[in-house]
*Asks:* 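Sharing a structure below in structure tokens format, with a few things to ask.
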Number of protein chains: 2
Amino acid sequence: MILKSQVEWALHCCAILAGLPEGRYLSTKALAEFHGLPKEYLSKALQSLSQAGLVHTTLGPSGGYRLAKAPAELTFLEIVEAVEGRSRTFVCTNIRANNPCRAPGYCEETPCAVARIMWEADEAWRDKLRNVRLSDLVEILSKEIPSDLWKRSFEWVLERAG
Amino acid sequence: MILKSQVEWALHCCAILAGLPEGRYLSTKALAEFHGLPKEYLSKALQSLSQAGLVHTTLGPSGGYRLAKAPAELTFLEIVEAVEGRSRTFVCTNIRANNPCRAPGYCEETPCAVARIMWEADEAWRDKLRNVRLSDLVEILSKEIPSDLWKRSFEWVLERAG
DNA sequence: CTATTAAGGACAAAAAATATCCCTATTTTT
DNA sequence: AAAAATAGGGATATTTTTTGTCCTTAATAG
Ligand code: SF4
Ligand code: SF4
């Protein structure tokens, strides 16, 4: 069970977009080049963010993406769920229904304890991601990334932002 | 990102084995029949449990599986990890290494904040599963499952346990 | 000796992830 | 008005993972 690589891509792209000045847009092409990713496929991840309402887009030259909310209002969970989906990681195939001792039609209304426990763990994972904001990430990165690299990256992005 | 169905199978099988009297064994065949699962494939899940040391096996007629520890000493996490593996759900493909502004060979020693945050969420998921014992599950099931079905299932298993 | 079992290797089928390609409508620039 | 660049999205292909089957081997109980 491994998350799609698009999750990583989306998180990194949002981190970049968080640093974009008000009203400017960054294209798929620039984001793909910056991260060394296949442009067409990265585009699918960005479309997921767009469909989830996390980013705003414009068409045409100088078009692209910007965040739809302030980084302090955007959680990791929103980004992860946008590309990975909202379904639970444990799916119940209802194997208890096959119990040969069971009276037919019985015992299938509510999920059993196994499923509930697994779903609780799932929820703990989501809670953790829900409590990290994109602004938290940017803050950590700004401290950890060497300032010259940080600055050059910022300039690289600005040159290409429409 | 969805857990293998073998996770569900393994949990249900452990729940059954937890009710097995001391010193007796239940075969793959019986477990597969009880749950309506393909015997050969379920066998792979049970082999995973065996390799992880969670169950004990014997060969020959009347052979099969029993728990290697008391249900109170067996956690959900152990069972889940036995079949699903211990690797993290977020894998870092190190895309920051492609940053065109970066000085070559720089900034690749430690995982970045993105990975660390995702791994923390992973750990929260594991913590939750680590804190549920197989005995907890059995206790809940014994309350929730209709007593006649519970009793008949128990007898069904005993008839086939070697 | 025979029947039954777990273990495990080889292989096959199905599903999901990872792309690539191409067309359309829109918008900016020229 | 024309041209160029963009997001969106459908169709398709490739690769990897999951799911499942089949068969052989060694051990064990009766
Ligand atoms: S509800 Fe419980 S018993 Fe039924 S399939 Fe899900 S986990 Fe298994
Ligand atoms: S360490 Fe961070 S930057 Fe590097 S690939 Fe992993 S998530 Fe991305």
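Order of the sequence lines fixes the chain letters, A, B, ..., with proteins taken first and strands second; residue numbering starts at 1 for each chain. Both backbone and side-chain heavy atoms feed into the values below; hydrogens, waters and symmetry mates do not.
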*Asks:* Using Watson-Crick or G-U wobble geometry with both distances below 3.5 Å, tell me the partner of C:dT28, or none.
*Replies:* D:dA3
*Asks:* Output the rounded distance in Å from CD (A:Gln51) to C1' (D:dG8).
*Replies:* 9 Å
*Asks:* Give the C-alpha distance, both sets of side-chain angles, the deciding distance and a yes or no for salt bridge (Lys or Arg N to Asp or Glu O under 4.0 Å) between A:Arg133 and A:Asp136.
*Replies:* CA-CA 5 Å; A:Arg133 297 168 299 176; A:Asp136 298 329; 3.2 Å; yes
*Asks:* Once the angle between the rings of B:His56 and B:Tyr25 is folded into 0 to 90°, is it parallel (under 30°), tilted (30 to 60°) or perpendicular (over 60°)?
*Replies:* tilted
*Asks:* Round to the nearest Å and state the distance from B:His35 atom NE2 to D:dG20 atom P.
*Replies:* 15 Å
*Asks:* Tell me which one of A:Gln47, A:Lys39, A:Glu40 satisfies side-chain hydrogen bond (donor to acceptor under 3.5 Å, both in side chains) with A:Ser43.
*Replies:* A:Gln47
*Asks:* Could you go over nucleotides 24-30 of chain D and give all protein N or O partners under 3.5 Å, atom names and distances?
*Replies:*
none

*Asks:* Please give, in whole Å, the distance from D:dA7 C1' to A:Leu31 CG?
*Replies:* 13 Å
*Asks:* Could you tell me the separation between the CD atom of B:Gln47 and the P atom of C:dA10, rounded to a whole number of Å?
*Replies:* 14 Å
*Asks:* Between A:Thr57 and D:dA7, does any side-chain N or O lie under 4.0 Å from OP1 or OP2?
*Replies:* no
*Asks:* Can a side-chain donor-acceptor contact be found between B:Asn99 and A:Ser153 if the only test is distance below 3.5 angstrom?
*Replies:* yes
*Asks:* Testing B:Leu158, B:Leu17, B:Val55 for side chain to side chain contact (heavy atoms under 4.5 Å, CB included) with B:Leu26, which one passes?
*Replies:* B:Leu17
*Asks:* Roughly how many Å is it from CG in A:Leu49 to P in D:dA7, rounded to a whole number?
*Replies:* 13 Å
*Asks:* Fit a plane to each ring of B:Phe90 and B:Trp119, take the angle between them on a 0 to 90° scale, and name the class: parallel (under 30°), tilted (30 to 60°) or perpendicular (over 60°).
*Replies:* perpendicular
*Asks:* Can you see whether A:Glu8 engages B:Thr93 through a side-chain donor-acceptor pair at a distance of less than 3.5 angstrom?
*Replies:* yes
*Asks:* Using a 4.0 Å heavy-atom cut-off across all strands, classify B:Gly64 as base, sugar-phosphate, or nothing.
*Replies:* sugar-phosphate
*Asks:* Identify whether the distance between the nearest side-chain nitrogen and carboxylate oxygen of B:Glu78 and B:Arg86 falls below 4.0 Å.
*Replies:* no
*Asks:* So, OP1 or OP2 of D:dG9: does either fall under 4.0 Å of a side-chain N or O from A:Ser43?
*Replies:* no
*Asks:* Counting any heavy atom closer than 4.0 Å, what does A:Tyr65 reach on the DNA or RNA strands: base, sugar-phosphate only, or nothing?
*Replies:* sugar-phosphate
*Asks:* Scan nucleotides 12-23 of chain C nucleotide by nucleotide, 5' to 3', and note B when protein non-hydrogen atoms come under 4.0 Å of the base, S if they reach only the sugar-phosphate, - if neither.
*Replies:* -----SBBBBB-
*Asks:* When you check the side-chain N and O atoms of A:Ser135 and A:Glu139, is any donor under 3.5 Å from an acceptor?
*Replies:* no
*Asks:* Rounding to an integer number of Å, can you tell me how far B:Arg160 CZ sits from C:dT4 P?
*Replies:* 15 Å
*Asks:* Nearest whole angstrom, please: distance from the C1' of C:dA6 to the CG of B:Leu17.
*Replies:* 14 Å
*Asks:* In whole angstroms, how far is the P atom of D:dT6 from the NZ atom of A:Lys29?
*Replies:* 6 Å
